[in-house]
Chemist: 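Here it is: the structure, laid out below.
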Amino acid sequence: MNVTISNTYEELSTFATKVLIDSVKETREPLVCVASGDSTKGVYKQLVTSVEINSLDTADWHFLGLDEWIGLNGQDIGSCRYHLDQDLFNPLGVSDKQICFFDGRSVDVFSECIINEMYIKKQGGIDLAILGLGLNGHIGMNEPFTPVDSRSQIIDLDPLTIQTGQKYFEQPQKLSQGLTLGLGTLMESRSILLLVGGQNKAPIVKKMLEEEVSISCPASLLRHHPNCHVFLDHAASSLLDLKKGCEKI
């Protein structure tokens, strides 16, 4: 695991975007798993800018949604798909045929899990996964104590996730379950970028990086991934013991 600490969120986004582009530039039709949320917005903004100034071409990229709230899809303001449409897919002009995304409104949500796993297999695996970090250590909606070998699944949401998730909606939203790529699926990604910003994430960052690897903090499992890059801003890294090998920018 490589850990890079930047002074600001903007610097974090710049370094992460460079690694992202370098990771897939030699890959034909890369499959990129994308997470919604505040931590990833800066990278998506820089990707869009790179395409607009013709320094990057994403026309042959394929995109895989990381997760979605059950009961919601891209038609719902505040859903994971809605935010990614706004921040990434629409600005890049990504066509629907380039996207595989959980439909939380499906009458058969179990089939959504099968569809995603089959799509990953068809594309030859996930080339790069872009992740954020939950306050309870979740990645995607893989809550604490999710099995290490889990695949795409329906999951009961932790109360903290339900509470935090309200910020994405204009009105209070009833949330109880989600659809998410499993830990086993994510750990098979060829490269992983974990983006974390803000003082409120400092305690869980410390637990993730300095305490024992455990499913009580799912993100700590990324320490066992052979090609995982963690990008922190100064605030998110503020509780770390920097003597433990972090690269500070």
Chemist: Take atom NZ in K174; do more than 12 heavy atoms of anything else shown fall under 6.0 Å from it?
Modeler: no
Chemist: Looking only at side-chain N and O atoms, does E143 offer a donor or acceptor that is under 3.5 Å from a partner on H138?
Modeler: yes
Chemist: Sub-3.5 Å donor-acceptor pair from the side chain of T180 to the main-chain atoms of D67, do we have one?
Modeler: no
Chemist: Flag the pair L179 / I70 as yes when at least one side-chain heavy-atom distance between them is below 4.5 Å, and no otherwise.
Modeler: yes
Chemist: Going by an N to O cut-off under 4.0 Å, is there a salt bridge joining R223 and E211?
Modeler: no
Chemist: Has S6 got a side-chain atom pairing as donor or acceptor with T8's backbone, closer than 3.5 angstrom?
Modeler: no
Chemist: Measure from the side-chain N and O atoms of T40 to the backbone N and O of A35, and report whether any donor-acceptor pair falls under 3.5 Å.
Modeler: yes
Chemist: Would you confirm whether S36, through its side chain, and H83, through its main-chain N or O, come within 3.5 Å as a donor-acceptor pair?
Modeler: no
Chemist: Measure from the side-chain N and O atoms of S150 to the backbone N and O of G182, and report whether any donor-acceptor pair falls under 3.5 Å.
Modeler: no
Chemist: Any donor-acceptor pair under 3.5 Å linking the side chain of D87 with the backbone of K45?
Modeler: no
Chemist: Does E10 offer a backbone N or O that forms a donor-acceptor pair with the side chain of T14 under 3.5 Å?
Modeler: yes
Chemist: Counting distance only, does the side-chain N/O of K201 pair as donor-acceptor with the main-chain N or O of L133 below 3.5 Å?
Modeler: yes
Chemist: Taking atom CD1 of I120 and atom CD1 of I115, what is their separation to the nearest 0.5 Å?
Modeler: 12.0 Å
Chemist: More than 12 non-hydrogen atoms from neighbouring residues, nucleotides or ligands closer than 6.0 Å to NZ on K206, yes or no?
Modeler: yes
Chemist: Look up atom CD in E188 and atom CD1 in I126, then write down how far apart they are to the nearest 0.5 Å.
Modeler: 8.0 Å
Chemist: Minimum heavy-atom separation for G104 and V109, please, with both atom names.
Modeler: O-CG1, 4.1 Å
Chemist: Between D76 and R81, does any side-chain N to carboxylate O distance fall below 4.0 Å?
Modeler: no
